[in-house]
Amino acid sequence: MAKAIPKFFPRTLHKFCRWHIMNKHKDLLKKLYKLFPDFKDQLTAILNHPLMPSEFEDAWKALIEKYNLHDINVMINLWAERKLWISAYWKEVFCARMTSTQRSESMNFVLKRGFVTERDNLHIFAKQVNNCVQARHEAENAEANASTGTRKTVTRYGFEAQVMDKYTRAVYSVFRERQYHSTAFRIKTSQDNPNNYLVHHYNQSKEFAWSRHEFRVLADEAEGRYECECKLWEHIGLFCHHVIAVFEHLRLDEIPSKYILQRYTKDAVTNPDFNRRDYRTTTEDGTSIEYRRTILYSEAVKIINKGCSLEAKFQIALSAFRDANSRLDNEDAELENNEDAEMENNEQSSNQDNTT
């Protein structure tokens, strides 16, 4: 996989799943947890909080020093692979909260636990998978209905009312929890720039490296720029505690729309590139839209793969796509003109009948 991904998906960043890394070493880590009661909390704090690479490395080394784990193989192995699974090293890469494969793994768990067993025949397996999908649809519909209920903001800040109106109930709950924890941070204005703020945890304990660090936050209301050096927004598309603390400090009325990603809003499925419910929608001739989408997508991928190898092929593929797009636009315009002409003829016929 490590060799194939760069070759066939050159723009894809390959990293390890944190859950699998920790699960692989769980038996050895359990021994350390039992030997040092506070070790698990210390390790979790280092992994979970938004440290920069240098802060993470300092915190890790301090943890190793504190518990004298220099020669422990599990800690040596975790450290050796750190750049492949510790998000501090690739915070600038957007991953939409998918830093592990837990979501797909949890779906496998739901399927295996509640619907299928290893003894099921193929036709029973297919039936139960369909039942599982139906159950998920019902759960999603229930959540959608619940989202239409009345919600109240915790504060009177304008930005909170904005995100409550835009975000789904689940994402707004995440935001509200971060807003609650943001009250534990203190803010100082930078002497270098009035738009720069230094944000730190009120309890600057020696126990946790993240609590001792002052995170630099840029908040330029005039330009609508809000950035934190922890790069959580760049990483997952949701604001960190530090930026939210600055929002409250500034009593911000509205967050610029560019920071509200559509994928997290109630309108996330408006005009999607792919909608899993398309198989229910059919055209006038009875063909499903999903069938046509599959055929077109397959042909497009073939052209893309062939067109990437050489500049000449790339130009041919690009020209073909642009020509096809232009012809489709012309077809839409012609259909619209025909509809207008038909409506005009109908109106004239109706007027003549009324006159007669």
Side-chain angles (χ1 to χ4, degrees), residues 42 45-63 82-83 86-97 99 153-164 166-167 171-172 174-261 264:
Q42 299 279 328
I46 294 174
L47 298 181
N48 285 346
H49 290 276
L51 300 174
M52 296 294 97
S54 58
E55 281 84 25
F56 166 76
E57 293 178 2
D58 291 341
W60 186 275
K61 292 175 182 177
L63 183 70
R82 66 190 184 281
K83 293 185 179 180
I86 296 296
S87 61
Y89 293 97
W90 31 282
K91 280 291 183 67
E92 70 283 358
V93 179
F94 181 70
C95 70
R97 302 172 66 195
T99 55
T153 59
V154 178
T155 68
R156 292 299 186 95
Y157 295 123
F159 71 86
E160 188 190 354
Q162 177 193 9
V163 298
M164 184 189 71
K166 295 291 185 180
Y167 283 151
V171 177
Y172 173 63
V174 174
F175 180 89
R176 194 159 73 171
E177 182 179 0
R178 287 187 181 162
Q179 186 180 9
Y180 168 76
H181 290 293
S182 71
T183 59
F185 289 83
R186 302 294 180 259
I187 298 175
K188 296 187 300 184
T189 303
S190 173
Q191 297 179 355
D192 302 333
N193 187 338
N195 291 328
N196 285 341
Y197 298 87
L198 300 177
V199 183
H200 65 86
H201 197 272
Y202 80 94
N203 179 20
Q204 290 187 303
S205 169
K206 295 181 180 180
E207 296 296 325
F208 299 107
W210 58 265
S211 68
R212 300 194 299 271
H213 182 71
E214 289 186 332
F215 290 89
R216 187 177 296 273
V217 176
L218 170 64
D220 190 332
E221 292 186 81
E223 295 186 4
R225 288 181 60 196
Y226 301 94
E227 301 171 1
C228 179
E229 66 171 325
C230 78
K231 297 185 180 299
L232 188 65
W233 189 88
E234 289 82 356
H235 193 47
I236 66 173
L238 294 175
F239 282 117
C240 58
H241 304 119
H242 321 115
V243 173
I244 295 176
V246 173
F247 285 166
E248 295 192 348
H249 176 74
L250 298 174
R251 298 183 178 275
L252 192 68
D253 290 328
E254 184 175 311
I255 300 172
S257 58
K258 64 182 179 181
Y259 292 111
I260 308 294
L261 300 188
Y264 296 134

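For reference, positions follow the sequence shown, starting with 1.
Within a 6.0 Å radius of CD in Glu177, no more than 12 heavy atoms belonging to other residues, nucleotides or ligands are found.
Partners of Phe247 by ring-ring contact (aromatic ring centres under 6.0 Å, His included), not counting sequence neighbours, listed by chain and number: Phe159, Tyr226, Phe239. Applying the side-chain contact (heavy atoms from CB on, under 4.5 Å) criterion to Thr155, with sequence neighbours excluded, gives Tyr157, Glu160, Gln179. Remark: Ser257 engages no residue in a side-chain contact (heavy atoms from CB on, under 4.5 Å) (not counting sequence neighbours). Residues meeting the side chain to side chain donor-acceptor pair (under 3.5 Å) test with Glu57, sequence neighbours left out: Tyr89. The ring-ring contact (aromatic ring centres under 6.0 Å, His included) search around Tyr180 returns none, not counting sequence neighbours. For Tyr167, the ring-ring contact (aromatic ring centres under 6.0 Å, His included) test picks out no residue, with sequence neighbours left out. Under the rule for a side-chain contact (heavy atoms from CB on, under 4.5 Å), the partners of Ala184 that lie at least two apart in sequence or sit in another chain are His201, Tyr202.
With respect to His242, the ring pair (Phe, Tyr, Trp, His ring centres under 6.0 Å) criterion is satisfied by exactly one of Trp233, Phe215, Tyr197: Phe215.
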Under 3.5 Å, sequence neighbours excluded: what are the donor-acceptor pairs made by side chains of residues 216-223?
residue : atom : partner : partner atom : Å
Asp220  : OD1  : Ala222  : N            : 3.1
Asp220  : OD1  : Glu223  : N            : 3.2

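Val246 is not listed as a side-chain neighbour of Phe185, based on a closest heavy-atom distance of 4.5 Å or more. Residues Leu238 and Arg178 meet the side-chain proximity criterion, which asks for heavy atoms closer than 4.5 Å.
Taking every heavy atom of both residues into account, Cys230 and Cys240 meet most closely at SG-SG, 3.5 Å. Taking all atoms of both residues into account, the shortest heavy-atom contact from Val243 to Cys228 is CG2-CB, 3.6 Å. When all heavy atoms of Thr189 and Asn193 are compared, the closest pair comes out as CG2-O, 4.5 Å.
For the atom pair CH2 (Trp60) and CZ (Arg82), the distance works out to 9.5 Å, reported to the nearest 0.5 Å. To the nearest 0.5 angstrom, Ile187 atom CD1 is 7.5 Å from Leu250 atom CG. Atom CD in Glu55 sits 12.0 Å away from atom CD1 in Ile46 (nearest 0.5 Å). From Ile255, atom CD1 reaches atom NZ of Lys166 across 11.5 Å, with rounding to the nearest 0.5 Å.
Counting only residues at least two apart or on different chains, the salt bridge (charged side-chain N to carboxylate O under 4.0 Å, His left out) pairs with a member in residues 179-201 are Lys188-Glu214. Within the structure, salt bridge (charged side-chain N to carboxylate O under 4.0 Å, His left out) contacts touching residues 242-261 (residues at least two apart or in different chains) do not occur.
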